[in-house]
Each structure stands twice: as structure tokens, then as C-alpha cells.
Amino acid sequence: MRIARFSIDGNVAFGVVEGDQPDQLVLDIIKGIPFADYELSGTKVPLSKVRLLPPVLPNKVVAFGRNYAEHARELGNEVPDAPFAFFKPSTSVIGPGDAVQYPSFTEELHHEAELAVVIGRMCREVPRERVQDVIFGYTCANDITARDVQRREKQWARAKGFDSSCPLGPWVETDLDIAAASDLTIQLTVNGGQRQLGRTSEMIHSIEDLIVNISEAMTLLPGDVILTGTPAGVGPLNVGDEVAVTIEGIGTLTNKVVKRG
């Protein structure tokens, strides 16, 4: 099912997205939170009447770089032998429709479409055969990057961790298993023109590889997000651009780029 987090009349809640036609989607409001036992309230509101928020508020976002060979090569990087992790802070997270704020300290802002894995339970040192058990679901992500800062500073904290650099959404799809999530079309458009197109089957290190790798080092909490890397085709964003990430079987995450005020 598709689980969204939303705001209506000043209240924040989770709900299950129902319907197939974009203009007829409704939310059945959840009693409680989706990471524990919950019930559907039966109270339904049209999706068009709410503001969608980031589908989760992660304690941490663990991102993996250079996990698609062609993307590594297009930036002149070697393909890593082992998963290569970095972090994006919780303050970088925004939701569907929220503005990506172009920072004043960069002149080369790039998009990176990614499949995001949402963790569903506290876990550490997850064995490969149990990875499915700790996954809550999947959503779309855009790893917005200040590319010139990344090259100049080497350490990626500012280049990839600034405010609004981690759009997530529009909701979490919980019905995909790892096999299905590992072979989905992922694409990105800017102002309607296609920039990135690939499949998650092109990942160098699998979803299982990534979760085993990072959980060896740290505890993952419900709502934490794992970014799995981006296919080739990354490129510049400018103020006024509308950027959309679409992943097969999940949905479309759309954001507009604005100048940071």
C-alpha cells in the first residue's frame, strides 16, 4: 500500500492512499503511526485537499555514492569495490511540492534521482537473509548536490547536506519486495525534458549489500532512509526549474528550484 504523511487544517497525520486516477486519490487516515500496529480510521479525505509532507522524518539519511557504474564514469570517478556511504542530515529533508532552495555558496547545482529505502524497525548487524524483514517500504528521492563544492571540498557535508537537498516522496510504497524493488525503471525530468533514465537492476551493490554494510556499523531506526545511488545523466538545475523523479511502481516526486531567500 501507499502510505503518505500529510497536513490538513494544521494537523499532521499518516494515511493510506487509495485510488488509481490521479485526480481521484483519497487518504484513509491512520490511527497511530505506520511503524507499529495501526488501524484505518475510515475517515477519508481527498488527496487534493491536503498538503503532502515528507513521507517520513528520518533520524538519519544514509546515502551511497557511485553505485551505478555509468554515473561514476560520467564524473570521472572509479567504481568503488565496496559500498561508499555518506550522510545527509534530517534538516536536508523536504517533501513533494516543497522548494529546493539554491544555496548562495554554489554555482553548479545538480540533480540525482534515487530509489530510497525506508527502514521499518530498529536493527543492527542485519544478516542478508533478514534484510527484507527490516524494510518498511520504498520512496523516491533526489540527492541534490552542489557539484562544484563537492569537487572543491572533497568532504561532502556541505555539498550534499545543505537545507532542502533531500526531497523525498510522494509516499512510501510498502507492497514491493526486494526482488521487485531491485528492477524498477527510474527516471528524472527537468521542465518535462528527460535527463536520467535507468533501472535499479544496474546498481553495483544491491539493496541487501547496502543495508548489511551500514548496519554493521550503526543502529538503524524506524523511519531512517537509505539512498541507493543514482543512474547516469546527472546535470544542472537552475532557479525556476521543475524537477521530477519518477520510479516505476512508486510514483512521482516533483519539486521546484527557487533562490534561497
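One-based numbering along the sequence shown.
- The residues D133 and R130 are annotated as salt-bridged, a charged nitrogen and a carboxylate oxygen being separated by less than 4.0 angstrom.
- With salt bridges taken as basic N to acidic carboxylate O contacts below 4.0 Å, one links D98 and R51.
- Within 6.0 Å of CG on D81 lie no more than 12 heavy atoms contributed by other residues, nucleotides or ligands.
- Side-chain heavy atoms closer than 4.5 Å link hydrophobic residues (I, L, V, M, F, W, Y) into clusters, and following such links, possibly through other members, connects F136 to L40.
- For the pair K60/K88, no side-chain contact is recorded, criterion being any heavy-atom separation below 4.5 Å from C-beta on.
- Taking a 6.0 Å sphere around CZ of R152, one finds it holds more than 12 heavy atoms contributed by other residues, nucleotides or ligands.
- Under a hydrophobic clustering in which Ile, Leu, Val, Met, Phe, Trp and Tyr are joined whenever their side-chain heavy atoms come within less than 4.5 Å, directly or via other members, V239 and V243 fall into the same cluster.
- In this structure, I186 is not a member of the same hydrophobic cluster as L197, with clusters built from ILVMFWY side-chain heavy atoms closer than 4.5 Å.
- Closest heavy-atom contact between V212 and P127: CG2-C, 4.3 Å.
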Stepwise side-chain contact (heavy atoms from CB on, under 4.5 Å) test for Y138 and I247
CA-CA 10 Å; Y138 301 87; I247 301 181; over 6 Å; no
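- In summary, the side chains of T230 and Q196 do present a donor paired with an acceptor at a separation below 3.5 Å, with no hydrogens or angles considered.
- R147 contributes atom CZ, which lies 9.5 Å from atom CG of L109 (distance to the nearest 0.5 angstrom).
- Between E18 and R2 there is no salt bridge, since none of the side-chain N atoms of the basic residue sits less than 4.0 Å from a carboxylate O of the acidic one.
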Evaluate salt bridge (Lys or Arg N to Asp or Glu O under 4.0 Å) for E108 paired with R151, printing each intermediate quantity in order.
CA-CA 11 Å; E108 192 178 353; R151 288 193 299 265; 2.5 Å; yes
Under the side-chain contact (heavy atoms from CB on, under 4.5 Å) rule, what do H110 and I144 come out as? Steps first, then yes or no, please.
CA-CA 6 Å; H110 276 200; I144 306 290; over 6 Å; no
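- Looking at D183, its side chain never comes within 3.5 Å of a backbone N or O of A180 through a donor-acceptor pair.
- With salt bridges taken as basic N to acidic carboxylate O contacts below 4.0 Å, none links R195 and E112.
- Two residues are said to be in side-chain contact when any heavy atoms from C-beta on lie closer than 4.5 Å; V56 and R5 fail this criterion.
- With D224 contributing its side chain and N59 its backbone, the two residues share a donor-acceptor pair below 3.5 Å.
- With hydrogens and angles disregarded, a donor-acceptor distance shorter than 3.5 Å links the side chain of Q155 to the backbone of A157.
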Passes side-chain contact (heavy atoms from CB on, under 4.5 Å), D28 versus I30? Steps please.
CA-CA 6 Å; D28 193 338; I30 288 173; over 6 Å; no
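- Ring pair F84/W156 is perpendicular by interplanar angle, where above 60° counts as perpendicular and below 30° as parallel.
- Between E208 and Q132, the closest side-chain pair of non-hydrogen atoms is not below 4.5 Å.
- Taking 4.5 Å as the limit, every side-chain heavy atom of T252 sits out of range of all side-chain heavy atoms of V245.
- In terms of heavy atoms, G223 sits closest to V118 at CA-CG1, 4.2 Å.
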Step by step, work out the side-chain contact (heavy atoms from CB on, under 4.5 Å) result for M203 and L115.
CA-CA 11 Å; M203 291 182 195; L115 174 71; 4.1 Å; yes
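- Here the straight-line distance linking atom CD1 of I211 with atom CZ of F64 works out to 8.5 Å at 0.5 Å rounding.
- Rounded to the nearest 0.5 angstrom, F14 CZ and L53 CG are separated by 9.0 Å.
- By the 4.5 Å heavy-atom criterion applied to side chains, T200 and Y68 are counted as neighbours.
- Panel note: side chain H111, backbone N142; no donor-acceptor pair is recorded below 3.5 Å.
- Salt bridge present: R199 and E248 bring a charged side-chain N and a carboxylate O closer than 4.0 Å.
- Heavy atoms from other residues, nucleotides or ligands lying under 6.0 Å from CG of D175 number more than 12.
- Using a 4.0 Å cut-off between a side-chain N of Lys or Arg and a carboxylate O of Asp or Glu, D143 and K160 qualify as a salt bridge.
- Side-chain contact between D163 and I94 is absent, with no heavy atoms from C-beta onward closer than 4.5 Å.
- In this structure a side-chain-to-backbone donor-acceptor pair under 3.5 Å is present from N67 to T228.
- When hydrophobic clusters are built by joining Ile, Leu, Val, Met, Phe, Trp and Tyr residues whose side-chain heavy atoms come closer than 4.5 Å, directly or via intermediates, V12 is not grouped with L47.
- Minimum interatomic distance between I207 and A181 (heavy atoms only, all atoms of both residues): CD1-CB, 4.0 Å.
- The CD atom of Q187 sits 10.5 Å away from the SG atom of C140 when rounded to the nearest 0.5 Å.
- Here the side chains of V225 and I119 are not in contact, with every heavy-atom distance at 4.5 Å or above.
- A donor-acceptor pair under 3.5 Å is formed between the side chain of S164 and the backbone N or O of Q101.
- A donor-acceptor pair under 3.5 Å is absent between the side-chain atoms of D9 and the main chain of N11, judged by distance alone.
- The shortest heavy-atom contact between C166 and V61 is SG-CG1, 4.2 Å.
- Heavy-atom contacts from other residues, nucleotides or ligands closer than 6.0 Å to CE of M122 number 12 or fewer.
- The cationic group of R158 lies under 6.0 Å from the six-membered ring centre of F105 and within 45° of the ring axis, placing it in a cation-pi geometry.
- The shortest heavy-atom contact between L25 and W171 is CD1-CH2, 4.0 Å.
- Looking at residues two or more places apart in sequence or on another chain, you find a side-chain hydrogen bond (donor to acceptor under 3.5 Å, both in side chains) between R73 and E70.
- With respect to V126, the side chain to side chain contact (heavy atoms under 4.5 Å, CB included) criterion is satisfied by exactly one of V134, I135, N213: V134.
- Between I214 and L220, some side-chain heavy-atom pair lies under the 4.5 Å cut-off.
- The number of heavy-atom neighbours closer than 6.0 Å to CD of E39, taken from other residues, nucleotides and ligands shown, is 12 or below.
- In the hydrophobic clustering of this structure, V16 groups with I33; members are Ile, Leu, Val, Met, Phe, Trp, Tyr whose side-chain heavy atoms approach within less than 4.5 Å, directly or through other members.
- Note that CZ of R124 is 11.5 Å distant from CG of L221, once rounded to the nearest 0.5 Å.
- Interatomic distance, CG of D177 versus OG of S182, reported as 8.5 Å (0.5 Å rounding).
- The 12-atom threshold is exceeded at CD of E153, counting heavy atoms of other residues, nucleotides or ligands nearer than 6.0 Å.
- T106 contributes no side-chain N or O that, together with a main-chain N or O of P103, makes up a donor-acceptor pair within less than 3.5 Å.
- For L27 against A4, the heavy-atom pair with the smallest separation is CD2-CB, 4.0 Å.
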